[in-house]
Student: 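The structure that follows is given in the form of structure tokens.
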Amino acid sequence: MKVADLHYRTIWPDARCKFVEVIDQTKLPFAFEIVRVQSSEQMAHAISTMQVRGAPLIGVAAAYGMALAMLEDESDDYLAQAAELLIASRPTAVNLAWAVGRMVTALQATPHTRRNFTAWRLAANIAEEDIAQNQAIGQYGLELIKNAYQNQLIRNKPFNILTHCNAGWLATVDFGTALSPIYAAHDAGLNVHVWVGETRPRNQGAFLTAWELAQHGVPHTVITDNAGGHLMQQGLVDMVIVGADRVTANGDVCNKIGTYLKALAAFDSNIPFYAAVPTPTIDWALISGEHIEIEERHAGEVGHIQGWAQNMGTDGKLQTVRVMPLESSAANPAFDVTPARLVTGIITEKGVFAPQNLHECK
Ligand code: MRU
């Protein structure tokens, strides 16, 4: 994707495979900064502090974390230790454990002296696969949008898509999942407009999705998290597309906290609700969503909010303010589970599946 006319991915290795660079997502949209990640420990830190975030991206980041580990020490013990550290960095998105598991399996089967080489090559393959999967999701999602757009009764109004959190290119290596069909529709000349839920507490919608869409010139409007249901009742939402951190075998969709409420409202207003997910996000080992570990993040994320000081323009003067009484405590579950019965379809790189037919993409 382009940032100020330059093509970027969210993560890339140094040409000599000595370190990795990532876009620091804790700084967006206030500043565009690249950080250098030089060890497996630093990669685990980048994931847990959400410098890199989004299910597919943390999978790729963890794969590169394993490659960094093999620069440090190619022994069996260190391989196991690095895998444990990286898997523990965030619990909910299955892509992370999936990518680390894939690296471990390949590296265990590789002689110690070749592990470093193999690790960097496999991490790069996982990154390329992610891009290809997201591009394919974009094309399948584009067909859904085109069909719905053609059926739209009033042709001169935009096709309104509501999304939550950030499942754009920032959450992947490139293209995104939920936003990939939207970029494809916009590029194909369809009149799409995106309602972007701000996604408290960390504001991935207002900070990251809005920034991405603006970079690409896609018309969009940021709304409070509570506005989605109202807009749906008013006939102002034609489709909901979200990403996911884990989809279970029965089609339950675990995604950023607040997704469930949007799915309920969409169901009540008869609006199609899609989750766009590459197949590494599907956890075939779990039969339903209640078995997923939901990350509980620091309460400080709820009690504080970060932003530009009013009237300061974009001069980088960031402020953090408290938004609740000092005496109050806060809870911060980061994800929720939308039951399969509320999900119209799951858009994967292999096609679009009703939740009850998800096994067909195995
Ligand atoms: O806590 P985050 O920002 O990592 O959560 C991200 C999401 O919930 C995304 O919707 C999900 O990972 C899908 S990303 C393609």
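Order of listing sets the numbers, starting from 1, for every ligand and every atom in it. Starting from 1, each residue takes its place in the sequence as its number. Bear in mind that the values here come from a model prediction, so they are computed numbers and not experimental data.
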Student: Give the numbers and elements of all ligand 1 atoms closer than 4.0 Å to a heavy atom of Ala55.
Tutor: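 With Ala55 as reference, the close atoms of ligand 1 come out as 12 (O), 14 (S).
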
Student: Short list, please: which atoms of ligand 1 are under 4.0 Å from a heavy atom of Gln204?
Tutor: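 Answer for ligand 1: 1 (O), 2 (P), 3 (O).
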
Student: Judged by non-hydrogen atoms, does Arg202 sit under 4.0 Å from ligand 1?
Tutor: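 Contact absent.
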
Student: How far apart are the closest heavy atoms of Trp284 and Cys361, and which atoms are they?
Tutor: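 The pair with the smallest heavy-atom distance is CZ2-SG, 4.0 Å.
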
Student: Find all atoms of ligand 1 within a distance of less than 4.0 Å from any non-hydrogen atom belonging to Thr177, and give their numbers and elements.
Tutor: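 That gives atoms 15 (C) of ligand 1.
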
Student: Which residue and non-hydrogen atom of the protein lie closest to atom 10 (O) of ligand 1, and at what distance in Å?
Tutor: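 Ranked first by proximity to atom 10 (O) of ligand 1 is Asn255 OD1, 2.6 Å.
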
Student: Against ligand 1, does Met50 come closer than 4.0 Å with any heavy atom?
Tutor: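 The answer is yes: ligand 1 sits under 4.0 Å from a heavy atom of Met50.
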
Student: Mind checking whether His216 and His186 have parallel, tilted or perpendicular rings, split at 30° and 60°?
Tutor: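 Perpendicular.
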
Student: Give the numbers and elements of all ligand 1 atoms closer than 4.0 Å to a heavy atom of Pro56.
Tutor: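 Once the distances to Pro56 are compared, the set is 14 (S), 15 (C).
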
Student: Are Thr209 and Asn166 linked by a side-chain donor-acceptor pair shorter than 3.5 Å?
Tutor: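 Distance-only check passes for Thr209 and Asn166.
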
Student: Less than 4.0 angstrom from a charged side-chain N to a carboxylate O is my criterion; do Arg200 and Glu198 meet it?
Tutor: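 No salt bridge links Arg200 with Glu198.
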
Student: Just jot down the ligand 1 atoms closer than 4.0 angstrom to any heavy atom of Lys256, in number order.
Tutor: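 Numbered from 1, ligand 1 contributes 1 (O), 2 (P), 5 (O), 8 (O).
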
Student: Consider ligand 1: state whether an atom of it lies below 4.0 angstrom from any non-hydrogen atom of Ala93.
Tutor: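 In this structure, Ala93 fails to qualify as a contact of ligand 1 - no heavy atom is under 4.0 Å.
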
Student: Taking 4.0 angstrom as the limit and counting only heavy atoms of Gly54, give me the atoms of ligand 1 inside it, by number and element.
Tutor: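 The list of qualifying atoms is 4 (O), 12 (O).
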
Student: Show the atoms of ligand 1 that are less than 4.0 angstrom away from any heavy atom in Cys165.
Tutor: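 Answer for ligand 1: 5 (O), 6 (C), 7 (C), 8 (O).
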
Student: So, Asp24 and Lys27, do they make that salt bridge, N to O below 4.0 Å?
Tutor: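 The answer is yes: the pair qualifies as a salt bridge.
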
Student: Starting from atom 3 (O) of ligand 1, what is the nearest protein heavy atom, named by residue and atom, and what distance separates them?
Tutor: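 Of every protein heavy atom, Arg53 NE, 2.6 Å lies nearest to atom 3 (O) of ligand 1.
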
Student: Near Ala171, which atoms of ligand 1 are under 4.0 Å from a heavy atom of that residue?
Tutor: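 It comes down to these atoms of ligand 1: 14 (S), 15 (C).
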
Student: Describe, in one word, how the ring planes of Tyr64 and Trp120 are oriented to each other, choosing from parallel (under 30°), tilted (30 to 60°) and perpendicular (over 60°).
Tutor: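 Answer is tilted, since the angle falls between 30° and 60°.
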
Student: Which word best sums up how the rings of Trp12 and Tyr8 line up, parallel for under 30°, tilted for 30 to 60°, or perpendicular for over 60°?
Tutor: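 Trp12 and Tyr8: tilted rings.
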
Student: Out of Thr209, Asp245, Leu57, who is nearest to atom 8 (O) of ligand 1 when you count heavy atoms only?
Tutor: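 The residue whose heavy atom sits nearest atom 8 (O) of ligand 1 is Asp245.
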
Student: For ligand 1, indicate whether the residue Asn166 contacts it via side chain, backbone, both or neither (heavy-atom separation under 4.0 Å).
Tutor: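 Looking at Asn166 and ligand 1, just backbone atoms fall under 4.0 Å.
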
Student: Could you find the nearest protein heavy atom to atom 4 (O) of ligand 1 and give me its residue, atom name and distance?
Tutor: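 Scanning the protein heavy atoms, the shortest distance from atom 4 (O) of ligand 1 goes to Arg90 NH1, 2.8 Å.
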
Student: Would a distance-only check, ignoring hydrogens and angles, find a side-chain to backbone donor-acceptor pair under 3.5 Å from Asn332 to Ala299?
Tutor: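 Such a contact is absent between Asn332 side chain and Ala299 backbone.
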
Student: Under 4.0 Å between a Lys/Arg side-chain N and an Asp/Glu carboxylate O for Glu128 and Arg9?
Tutor: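 Result for this pair is yes, salt bridge flagged.
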
Student: Do Asp283 and His291 have side-chain atoms, one donor and one acceptor, less than 3.5 Å apart?
Tutor: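 No, no side-chain donor-acceptor contact under 3.5 Å.
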
